[in-house]
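Scroll down for the structure; my scribbles are underneath it.
Every chain is numbered from 1, with letters handed out A, B, ... down the list of sequences. Quick note: numbers below take in every heavy atom, side chains included, and nothing from hydrogens, waters or symmetry partners.
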Amino acid sequence: MDDPPARSEPAADRSFLRLEGVSKRFGDVTALNAVSLDVARGEILTLLGPSGGGKTTMLNLLAGFIEPDTGTIEIDHRIVNNVPPYRRDIGILFQNYALFPHMNVAANVGYGLKLRRLSRSQIRRRLDEVLALVHLTGYEQRKPRQLSGGQQQRVALARALAIAPKVLLLDEPFSALDKGLRASMQTELKDIQRSLGVTTIFVTHDQSEALSLSDRIAVLSEGSIRQIGTPAEIYVHPADRFVAGFVGNVNVLRGRLERLDGQNARVSLGATTLTVSAMRLGALAPGATVELFVRPEQLRLAEAIESTMCQGVVAAQAYQGTHIDFHVKTDAAISGRVLVRQAQVDAMSRWPIGSCVGIALTSKDAIAFPVESRPLT
Amino acid sequence: MGSGRAFRGILGIALVSAILCFLLLPALVVTIAAFNARAILSFPPDSLSWRWFAKALAYEDFRAGFRNGLIVSACASTLALLVGAAFAFVLDRYSFRLKRTLEAVLVAPLIIPHFTIGLGFLIVAAGLGATRGFAIVVACHLILILPFVLRSVYISLRNLDRRLELAAASLGASPLRVLMNVTIPLLAPGLVSGWLFAAILSFNEFTASLFVTSQRTQTLPVAMYNYVREYADPSMAALSVMYIVATATLLIIANSFFGLGKVLHVEDVR
């Protein structure tokens, strides 16, 4: 799970940014608990998790706004625990952009350059460069309040990039944008990040953003990293129930452990039996109930008479353009219903609401977890 | 239904007009009295005169009172701004034991009668054997106006987005630079309005000033009080009109720079 991302750059510096055993407490609350993490130079790593998971604390620690209680933070192989934010060379894109309202675009973007005592012509050149990068050439004299949300975000990005930061921190940057703009800004940001090769930490609670933007994702919950891996690893091989439930949609089905067979486990579900990895089951005795985590696209609808793994009744259909989401009531699911993603358009008329259907598994990638008393979050 | 609504509308307008007239009544009466050539209130305009204005401007006690008032209010409001801003900063940025107590002590002058504060200062000054100079007047006014300045700056600080300061720091600004380039420019409306409000309050303060001023240091309201005990001509009214005009001018200037809504905190700063 800790494999570095498959990247084409040669001899990548794999620990350009490094956290080792970093903990932070606020009063009685442990915000981060002995977190270790390596980020390669030029990588875009996402901190994904629910609010209160510790991702904001991590961001503040990296920026230098707070200091860790224990552990070390290294940037470019230098311990920066006690280095104040203004000596860290870190660019931050805040959720609300935090543009200086009393300065125009040029003054905002040039602020960090002025502090670095660059000459007027150097500042001018760099300003032109970064404004061209974010497609805002000609907006130098505008005040932030005269710009749209998307433009403000570009200015904020230009301001953060102008200082050629060692690390770029993105704090939920897209949450204030409307949906269409969000998608185009995501693409643009990723392009810019790739072309500059700037090491980037992206904080979000939005799993689809994380999956589409990241080289790797670190899933954080309750102050600990639950899993680090590429988006595909996280999605297909979640390390635990939390990750499985938090990243992507998931159906939880009730199965019965038939037998453990080394690496594999045989689990029966209704009329069918399937082989899944035994990795997360521990020393569970045969006959025990297990929970199978199955993605909506790993299921398909079938005629009720086929030897499908379980049966149910269609409760709702939702046309999504490229596919149709079927909500099917079935006793096999813990929550009483499953989400099935069906590609064919004729599926809507074939299985109308109220019809009895069979549910079949299309892949072998279901994941089995022992039953846990704690409710799934 | 239509006529009922129209009637209610007229009634509403009449009520509002009556309230506004009531609010402006003292100023109106005083203004008319100020221009009156004789000692009685009467139209028509041929009896109007500027003579009471001339007399008020020429009266030595008023001139001295005006000068003293300017000195005292400039010193007191500037000191109050420095002290108040510092305390507002501490209250906004830090949490500590006794924070509530500190807040309570700082706003206490709001509920202590002005004559109590004046009397207290008088006793302290007598006990210390100090002469009744400007220092004691300024000190007394400082206490009276501090809560207002503190409140003004504190609200501005509350409305200031901390992320602006963090952004500046991340771009390489030391704490001092953050303060100079971001915090103070963004707080400027709050600081100026706090200062202006304090200056006006100090300039107009009468009750406590009566206790702590001497013949040499008496401020304009005290001089006016002393005058009205002896004379009853309209020069007092003329002075009042000048007071109103001066204050209004000041507020209009402040409005053109910052917007009155922000200055008076009736509008959200952001």
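Within residues 111-127 of chain A, the residues having any heavy atom less than 4.5 Å from a heavy atom of chain B are, in residue-number order, A:Tyr111, A:Gly112, A:Leu115, A:Arg116. Below 4.5 Å, heavy atoms of chain A meet no heavy atom from residues 73-83 of chain B. Close approach to chain B, defined as a heavy atom under 4.5 Å from one of its heavy atoms, is seen in no residue of residues 137-145 of chain A. Contacts between residues 60-83 of chain A and chain B, defined by a heavy-atom separation under 4.5 Å, are made by A:Phe65.
Comparing A:Leu99, A:Asp171, A:Leu93, A:Asn96 by heavy-atom pairs within less than 4.5 Å of chain B, the highest count is held by A:Asn96. Ranked by heavy-atom pairs under 4.5 Å with chain B, the list A:Arg88, A:His102, A:Arg87 is led by A:His102.
Judged by distance alone, the side chain of A:Thr56 and the main-chain N or O of A:Gly52 form no donor-acceptor pair under 3.5 Å. Using modelled atom types, one side-chain atom of B:Thr249 and one backbone atom of B:Val245 make a donor-acceptor pair closer than 3.5 Å. Under a 3.5 Å cut-off, the side chain of A:Asn108 and the backbone N or O of A:Asn104 do form a donor-acceptor pair. The closest donor-acceptor contact from the side chain of A:Thr57 to the backbone of A:Leu32 lies at 3.5 Å or more, if one exists at all. At distances below 3.5 Å, not a single donor-acceptor pair connects side-chain atoms of A:Lys55 with backbone N or O atoms of A:Leu47. Panel note: side chain B:Arg177, backbone B:Val182; no donor-acceptor pair is recorded below 3.5 Å. No donor-acceptor distance shorter than 3.5 angstrom exists from the side chain of A:Glu188 to the backbone of A:Met185, with no hydrogens or angles considered. Between the side chain of B:Ser152 and the backbone N or O of B:Phe148 there is no donor-acceptor pair closer than 3.5 Å.
Remark: B:Glu165 does not engage B:Arg163 in a salt bridge, criterion side-chain N to carboxylate O under 4.0 Å. Ionic pairing of A:Asp215 and A:Arg194 is present here: one or more N-O contacts between side-chain nitrogen and carboxylate oxygen are shorter than 4.0 angstrom.
Applying the 6.0 Å contact sphere to CZ of B:Phe87 captures no more than 12 heavy atoms from other residues, nucleotides or ligands. For B:Arg100, the CZ atom is loosely surrounded, since the number of other residues' heavy atoms within 6.0 Å does not exceed 12.
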* To do: Take B:Phe96 and B:Val90 through the test side-chain contact (heavy atoms from CB on, under 4.5 Å) and record every step on the way to the result.
  => CA-CA 10 Å; B:Phe96 46 90; B:Val90 169; 3.6 Å; yes

* Where do A:Gln193 and A:Val198 land on the side-chain contact (heavy atoms from CB on, under 4.5 Å) test, with the steps shown first? -> CA-CA 6 Å; A:Gln193 192 270 338; A:Val198 57; 4.2 Å; yes

* **Audit row: A:Arg182, A:Asp206, side-chain contact (heavy atoms from CB on, under 4.5 Å) steps and yes/no** => CA-CA 12 Å; A:Arg182 194 180 304 176; A:Asp206 183 323; 4.3 Å; yes

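Note: B:Phe203 and B:Tyr243 meet the aromatic proximity criterion, with ring centroids under 6.0 Å apart.
Under the side chain to side chain contact (heavy atoms under 4.5 Å, CB included) test applied with A:Leu45, the options A:Asp38, A:Thr200, A:Ile201 reduce to a single match, A:Ile201.
Heavy atoms closer than 4.5 Å to chain B are found in the side chain of A:Ile163, but not in its backbone. There is no contact between B:Arg162 and chain A, counting heavy-atom distances below 4.5 Å.
With contacts defined as side-chain heavy-atom distances shorter than 4.5 Å, the pair B:Leu239/B:Leu220 qualifies.
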